[in-house]
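Below is one structure, written out as C-alpha coordinates; comments come after it.
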Amino acid sequence: MVAVNPQSQAKRILILFSDTGGGHRAAATALEEALLTVDPSICISSADPLIKQGPALIRQLTALYSPIIKRSRPAWGAVYHTSNFRATFAAIRAVLGRQVRRVVAELLTEYDPDLVLSVHPLLNHVSHQAIRKGSRPRALMTVITDLVDIHRGWIFPRSDLIVVPTEQAREACLARRAQPDRIKLLGLPIDLRFRPPAPGEQAALRRFFGLQETAFTILICGGGEGSGRLWQQVKALAEDANPWQLIVVC
(Lines give C-alpha, C1' and ligand atoms only; values in the text may rest on other atoms or scores of the structure.)
Protein backbone atom coordinates (compact mmCIF):
# COMPACT_ATOMS: atom_id res chain seq x y z
CA MET A 1 0.00 0.00 0.00
CA VAL A 2 1.28 3.46 -0.88
CA ALA A 3 0.89 6.15 1.77
CA VAL A 4 -0.95 9.32 0.77
CA ASN A 5 0.97 12.57 0.88
CA PRO A 6 -1.55 15.42 1.24
CA GLN A 7 0.94 17.88 -0.30
CA SER A 8 1.45 15.77 -3.44
CA GLN A 9 -0.15 16.80 -6.74
CA ALA A 10 0.02 13.24 -8.05
CA LYS A 11 -3.22 11.54 -8.96
CA ARG A 12 -4.58 9.25 -6.25
CA ILE A 13 -6.38 5.96 -6.90
CA LEU A 14 -8.16 3.75 -4.38
CA ILE A 15 -8.58 0.12 -5.48
CA LEU A 16 -11.38 -1.76 -3.72
CA PHE A 17 -11.38 -5.57 -3.69
CA SER A 18 -12.21 -8.41 -1.32
CA ASP A 19 -10.56 -11.72 -0.50
CA THR A 20 -13.60 -13.74 -1.54
CA GLY A 21 -11.44 -16.04 -3.61
CA GLY A 22 -8.02 -15.16 -4.96
CA GLY A 23 -9.03 -13.55 -8.25
CA HIS A 24 -10.14 -10.16 -6.93
CA ARG A 25 -6.86 -9.56 -5.07
CA ALA A 26 -4.87 -10.78 -8.10
CA ALA A 27 -6.73 -8.33 -10.34
CA ALA A 28 -6.14 -5.49 -7.88
CA THR A 29 -2.43 -6.28 -7.69
CA ALA A 30 -2.09 -6.53 -11.47
CA LEU A 31 -3.86 -3.19 -11.95
CA GLU A 32 -1.64 -1.49 -9.38
CA GLU A 33 1.52 -2.79 -11.05
CA ALA A 34 0.32 -1.75 -14.50
CA LEU A 35 -0.73 1.73 -13.38
CA LEU A 36 2.59 2.36 -11.67
CA THR A 37 4.39 1.17 -14.79
CA VAL A 38 2.48 3.69 -16.89
CA ASP A 39 2.93 6.51 -14.37
CA PRO A 40 5.17 5.93 -11.30
CA SER A 41 3.95 9.20 -9.75
CA ILE A 42 0.42 7.84 -9.19
CA CYS A 43 -0.39 7.31 -5.53
CA ILE A 44 -2.28 4.00 -5.21
CA SER A 45 -3.97 2.58 -2.13
CA SER A 46 -5.94 -0.65 -1.86
CA ALA A 47 -8.51 -1.81 0.66
CA ASP A 48 -10.91 -4.66 1.42
CA PRO A 49 -14.15 -3.09 2.77
CA LEU A 50 -15.85 -6.49 3.18
CA ILE A 51 -13.49 -8.87 4.99
CA LYS A 52 -10.55 -6.83 6.27
CA GLN A 53 -12.12 -3.47 7.13
CA GLY A 54 -15.78 -4.47 7.09
CA PRO A 55 -18.13 -4.70 10.09
CA ALA A 56 -18.19 -7.99 12.02
CA LEU A 57 -21.40 -9.29 10.40
CA ILE A 58 -20.12 -8.53 6.89
CA ARG A 59 -16.78 -10.19 7.64
CA GLN A 60 -18.50 -13.33 8.91
CA LEU A 61 -20.85 -13.61 5.94
CA THR A 62 -18.24 -13.00 3.25
CA ALA A 63 -15.76 -15.32 4.98
CA LEU A 64 -18.19 -18.18 4.22
CA TYR A 65 -17.40 -17.89 0.51
CA SER A 66 -14.41 -20.22 0.48
CA PRO A 67 -15.91 -23.03 2.60
CA ILE A 68 -19.15 -23.00 0.61
CA ILE A 69 -17.59 -23.21 -2.86
CA LYS A 70 -15.33 -26.04 -1.70
CA ARG A 71 -17.82 -28.12 0.28
CA SER A 72 -21.29 -27.34 -1.03
CA ARG A 73 -21.57 -26.42 -4.68
CA PRO A 74 -25.41 -26.60 -4.64
CA ALA A 75 -25.50 -24.11 -1.76
CA TRP A 76 -23.16 -21.76 -3.59
CA GLY A 77 -25.23 -22.09 -6.76
CA ALA A 78 -28.38 -21.25 -4.82
CA VAL A 79 -26.78 -18.16 -3.27
CA TYR A 80 -25.38 -16.97 -6.59
CA HIS A 81 -28.50 -17.42 -8.70
CA THR A 82 -30.92 -16.20 -6.03
CA SER A 83 -28.92 -13.00 -5.53
CA ASN A 84 -28.83 -12.41 -9.28
CA PHE A 85 -32.46 -11.28 -9.39
CA ARG A 86 -33.10 -7.54 -9.28
CA ALA A 87 -35.34 -7.61 -6.20
CA THR A 88 -33.06 -9.95 -4.26
CA PHE A 89 -29.93 -7.96 -5.00
CA ALA A 90 -31.71 -4.76 -4.02
CA ALA A 91 -32.63 -6.39 -0.70
CA ILE A 92 -29.00 -7.43 -0.13
CA ARG A 93 -27.87 -3.85 -0.76
CA ALA A 94 -30.52 -2.55 1.62
CA VAL A 95 -29.43 -4.87 4.43
CA LEU A 96 -25.66 -4.73 4.01
CA GLY A 97 -25.08 -1.63 1.94
CA ARG A 98 -25.22 0.97 4.67
CA GLN A 99 -22.51 -0.65 6.76
CA VAL A 100 -20.19 -1.20 3.81
CA ARG A 101 -20.90 2.30 2.51
CA ARG A 102 -19.77 3.72 5.85
CA VAL A 103 -16.48 1.83 5.54
CA VAL A 104 -15.97 3.10 1.98
CA ALA A 105 -16.76 6.67 3.10
CA GLU A 106 -14.07 6.38 5.78
CA LEU A 107 -11.61 5.15 3.15
CA LEU A 108 -12.46 8.13 0.94
CA THR A 109 -11.71 10.46 3.81
CA GLU A 110 -8.47 8.67 4.68
CA TYR A 111 -7.01 8.40 1.17
CA ASP A 112 -8.88 11.17 -0.69
CA PRO A 113 -8.66 9.44 -4.10
CA ASP A 114 -9.40 11.05 -7.44
CA LEU A 115 -10.53 7.66 -8.76
CA VAL A 116 -12.18 4.72 -7.02
CA LEU A 117 -11.49 1.47 -8.88
CA SER A 118 -13.71 -1.48 -7.96
CA VAL A 119 -12.83 -5.09 -8.79
CA HIS A 120 -15.66 -6.69 -6.79
CA PRO A 121 -19.39 -6.96 -7.66
CA LEU A 122 -20.57 -5.99 -4.17
CA LEU A 123 -18.62 -2.73 -4.07
CA ASN A 124 -19.82 -0.81 -7.12
CA HIS A 125 -23.18 0.50 -5.90
CA VAL A 126 -21.98 1.37 -2.40
CA SER A 127 -18.90 3.13 -3.76
CA HIS A 128 -21.06 5.33 -5.97
CA GLN A 129 -23.29 6.20 -3.01
CA ALA A 130 -20.28 7.04 -0.82
CA ILE A 131 -18.78 9.20 -3.58
CA ARG A 132 -22.06 11.01 -4.15
CA LYS A 133 -22.34 11.89 -0.47
CA GLY A 134 -18.69 12.88 -0.20
CA SER A 135 -17.00 16.24 -0.10
CA ARG A 136 -15.85 16.41 -3.73
CA PRO A 137 -16.33 14.74 -7.12
CA ARG A 138 -14.49 11.48 -7.79
CA ALA A 139 -14.57 9.07 -10.70
CA LEU A 140 -15.72 5.47 -10.35
CA MET A 141 -14.29 2.69 -12.50
CA THR A 142 -15.37 -0.97 -12.51
CA VAL A 143 -13.11 -3.75 -13.77
CA ILE A 144 -15.17 -6.92 -14.34
CA THR A 145 -13.31 -10.20 -13.89
CA ASP A 146 -16.14 -12.65 -14.72
CA LEU A 147 -15.78 -13.86 -18.29
CA VAL A 148 -19.22 -14.84 -19.58
CA ASP A 149 -21.92 -15.23 -16.90
CA ILE A 150 -21.91 -11.77 -15.35
CA HIS A 151 -23.58 -11.32 -11.97
CA ARG A 152 -25.95 -8.39 -11.66
CA GLY A 153 -23.73 -6.80 -9.02
CA TRP A 154 -20.92 -6.26 -11.51
CA ILE A 155 -22.90 -4.09 -13.86
CA PHE A 156 -23.41 -0.60 -12.47
CA PRO A 157 -24.39 1.69 -15.37
CA ARG A 158 -23.42 4.85 -13.46
CA SER A 159 -19.76 3.88 -13.35
CA ASP A 160 -17.70 6.38 -15.35
CA LEU A 161 -15.83 3.50 -16.98
CA ILE A 162 -16.54 -0.24 -17.13
CA VAL A 163 -13.72 -2.51 -18.29
CA VAL A 164 -14.84 -5.93 -19.51
CA PRO A 165 -12.78 -9.03 -20.40
CA THR A 166 -14.90 -10.52 -23.22
CA GLU A 167 -17.44 -9.60 -25.87
CA GLN A 168 -20.07 -11.60 -23.93
CA ALA A 169 -19.41 -9.43 -20.87
CA ARG A 170 -19.75 -6.28 -22.96
CA GLU A 171 -23.09 -7.48 -24.31
CA ALA A 172 -24.27 -8.23 -20.78
CA CYS A 173 -23.43 -4.66 -19.75
CA LEU A 174 -25.31 -3.25 -22.73
CA ALA A 175 -28.31 -5.39 -21.84
CA ARG A 176 -28.29 -3.82 -18.36
CA ARG A 177 -28.39 -0.33 -19.89
CA ALA A 178 -24.74 0.64 -19.52
CA GLN A 179 -23.78 3.33 -22.04
CA PRO A 180 -21.66 1.96 -24.91
CA ASP A 181 -19.13 4.81 -24.64
CA ARG A 182 -18.46 3.86 -21.00
CA ILE A 183 -17.57 0.24 -21.78
CA LYS A 184 -14.06 -0.79 -22.82
CA LEU A 185 -13.21 -4.33 -23.93
CA LEU A 186 -9.63 -4.70 -22.67
CA GLY A 187 -9.39 -8.28 -21.36
CA LEU A 188 -8.54 -9.48 -17.88
CA PRO A 189 -5.98 -7.63 -15.75
CA ILE A 190 -3.04 -9.99 -15.37
CA ASP A 191 0.41 -9.81 -13.84
CA LEU A 192 2.93 -8.13 -16.13
CA ARG A 193 5.10 -11.24 -15.94
CA PHE A 194 2.55 -13.02 -18.17
CA ARG A 195 3.86 -11.41 -21.33
CA PRO A 196 3.96 -12.96 -24.82
CA PRO A 197 6.90 -15.40 -25.12
CA ALA A 198 10.08 -14.37 -26.90
CA PRO A 199 11.05 -16.36 -30.01
CA GLY A 200 12.00 -19.89 -28.97
CA GLU A 201 11.13 -19.28 -25.31
CA GLN A 202 8.00 -21.44 -25.29
CA ALA A 203 9.81 -24.51 -26.61
CA ALA A 204 12.68 -23.95 -24.18
CA LEU A 205 10.31 -23.73 -21.22
CA ARG A 206 8.51 -26.90 -22.27
CA ARG A 207 11.85 -28.75 -22.39
CA PHE A 208 12.86 -27.31 -19.01
CA PHE A 209 9.66 -28.58 -17.35
CA GLY A 210 9.78 -31.98 -19.06
CA LEU A 211 6.82 -31.33 -21.37
CA GLN A 212 6.44 -32.45 -24.94
CA GLU A 213 7.25 -29.54 -27.21
CA THR A 214 4.52 -30.07 -29.80
CA ALA A 215 1.69 -31.76 -27.87
CA PHE A 216 -1.57 -29.92 -27.26
CA THR A 217 -1.40 -28.74 -23.65
CA ILE A 218 -4.33 -28.30 -21.27
CA LEU A 219 -4.00 -26.09 -18.19
CA ILE A 220 -6.34 -26.95 -15.31
CA CYS A 221 -6.73 -24.61 -12.36
CA GLY A 222 -9.36 -23.77 -9.78
CA GLY A 223 -8.52 -20.23 -8.77
CA GLY A 224 -6.87 -19.23 -5.52
CA GLU A 225 -9.26 -21.42 -3.54
CA GLY A 226 -8.76 -24.58 -5.60
CA SER A 227 -12.47 -24.96 -6.30
CA GLY A 228 -14.17 -26.83 -9.11
CA ARG A 229 -13.50 -30.51 -8.33
CA LEU A 230 -10.01 -30.46 -9.79
CA TRP A 231 -9.30 -34.10 -9.03
CA GLN A 232 -12.33 -35.30 -11.00
CA GLN A 233 -11.36 -33.11 -13.97
CA VAL A 234 -7.77 -34.34 -13.97
CA LYS A 235 -8.84 -37.97 -13.67
CA ALA A 236 -11.27 -37.67 -16.57
CA LEU A 237 -8.62 -36.12 -18.82
CA ALA A 238 -5.71 -38.35 -17.79
CA GLU A 239 -7.10 -41.85 -17.25
CA ASP A 240 -7.00 -42.83 -20.96
CA ALA A 241 -4.33 -42.43 -23.60
CA ASN A 242 -4.94 -39.06 -25.26
CA PRO A 243 -3.04 -36.79 -27.66
CA TRP A 244 -2.67 -34.07 -25.03
CA GLN A 245 -0.67 -33.31 -21.90
CA LEU A 246 -1.85 -31.68 -18.69
CA ILE A 247 -0.54 -28.91 -16.47
CA VAL A 248 -2.44 -28.71 -13.19
CA VAL A 249 -2.22 -25.72 -10.86
CA CYS A 250 -3.48 -26.83 -7.45
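Predicted, not measured: the structure shown is a model, and the values here were computed from it.
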Compare every heavy atom of [Y] with every heavy atom of [X], then report the nearest pair and how far apart it is.
{"X": "V249", "Y": "L219", "value": "CG2-CD1, 3.7 Å"}
{"X": "I13", "Y": "I42", "value": "CD1-CG2, 3.8 Å"}
{"X": "I131", "Y": "A139", "value": "CD1-O, 4.1 Å"}
{"X": "A10", "Y": "S41", "value": "CB-O, 2.8 Å"}
{"X": "D146", "Y": "P165", "value": "O-CG, 3.2 Å"}
{"X": "F216", "Y": "I218", "value": "CE2-CG1, 3.7 Å"}

Side chain to side chain, [X] and [Y], heavy atoms closer than 4.5 Å:
{"X": "D48", "Y": "F17", "value": "yes"}
{"X": "E167", "Y": "L185", "value": "yes"}
{"X": "P49", "Y": "V126", "value": "no"}
{"X": "L14", "Y": "L107", "value": "yes"}

Output the distance between atom [atom1] ([X]) and atom [atom2] ([Y]), rounded to the nearest 0.5 Å.
{"X": "I220", "Y": "L246", "atom1": "CD1", "atom2": "CG", "result": "5.0 Å"}
{"X": "L230", "Y": "Q232", "atom1": "CG", "atom2": "CD", "result": "8.5 Å"}
{"X": "I190", "Y": "T145", "atom1": "CD1", "atom2": "OG1", "result": "13.5 Å"}
{"X": "E171", "Y": "I150", "atom1": "CD", "atom2": "CD1", "result": "11.0 Å"}
{"X": "D240", "Y": "K235", "atom1": "CG", "atom2": "NZ", "result": "11.0 Å"}
{"X": "L205", "Y": "Q202", "atom1": "CG", "atom2": "CD", "result": "8.0 Å"}

Cluster overlap [X] with [Y], hydrophobic side-chain contacts below 4.5 Å:
{"X": "L192", "Y": "L117", "answer": "no"}
{"X": "M141", "Y": "L36", "answer": "yes"}
{"X": "F208", "Y": "L211", "answer": "yes"}
{"X": "L237", "Y": "V234", "answer": "yes"}
{"X": "L35", "Y": "L186", "answer": "yes"}

Legend entry - Residue pairs involving residues 196-218 (criterion salt bridge (Lys or Arg N to Asp or Glu O under 4.0 Å); sequence neighbours excluded):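 Listed once each, the pairs are R195-E201, R207-E213.
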Any sub-3.5 Å donor-acceptor pair from [X]'s side-chain atoms to [Y]'s backbone N or O?
{"X": "D114", "Y": "R12", "answer": "yes"}
{"X": "Q212", "Y": "Q245", "answer": "no"}
{"X": "R138", "Y": "V116", "answer": "no"}
{"X": "D191", "Y": "R193", "answer": "yes"}
{"X": "H24", "Y": "V119", "answer": "yes"}

Legend entry - Neighbour count above 12 (heavy atom, 6.0 Å) for R136 CZ: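 Check passes, neighbour count above 12.
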Return all side-chain donor-acceptor pairs below 3.5 angstrom for residues 155-164, not counting sequence neighbours, or 'none' if the list is empty.
residue : atom : partner : partner atom : Å
S159    : OG   : T142    : OG1          : 2.9
S159    : OG   : F156    : O            : 3.3
D160    : OD2  : L140    : N            : 2.8

Inset, instruction - Apply the test side chain to side chain contact (heavy atoms under 4.5 Å, CB included) to residues L16 and S127: give CA-CA distance (whole Å), side-chain angles for both, the deciding distance (0.1 Å), then the verdict. - result: CA-CA 9 Å; L16 300 180; S127 295; 3.2 Å; yes
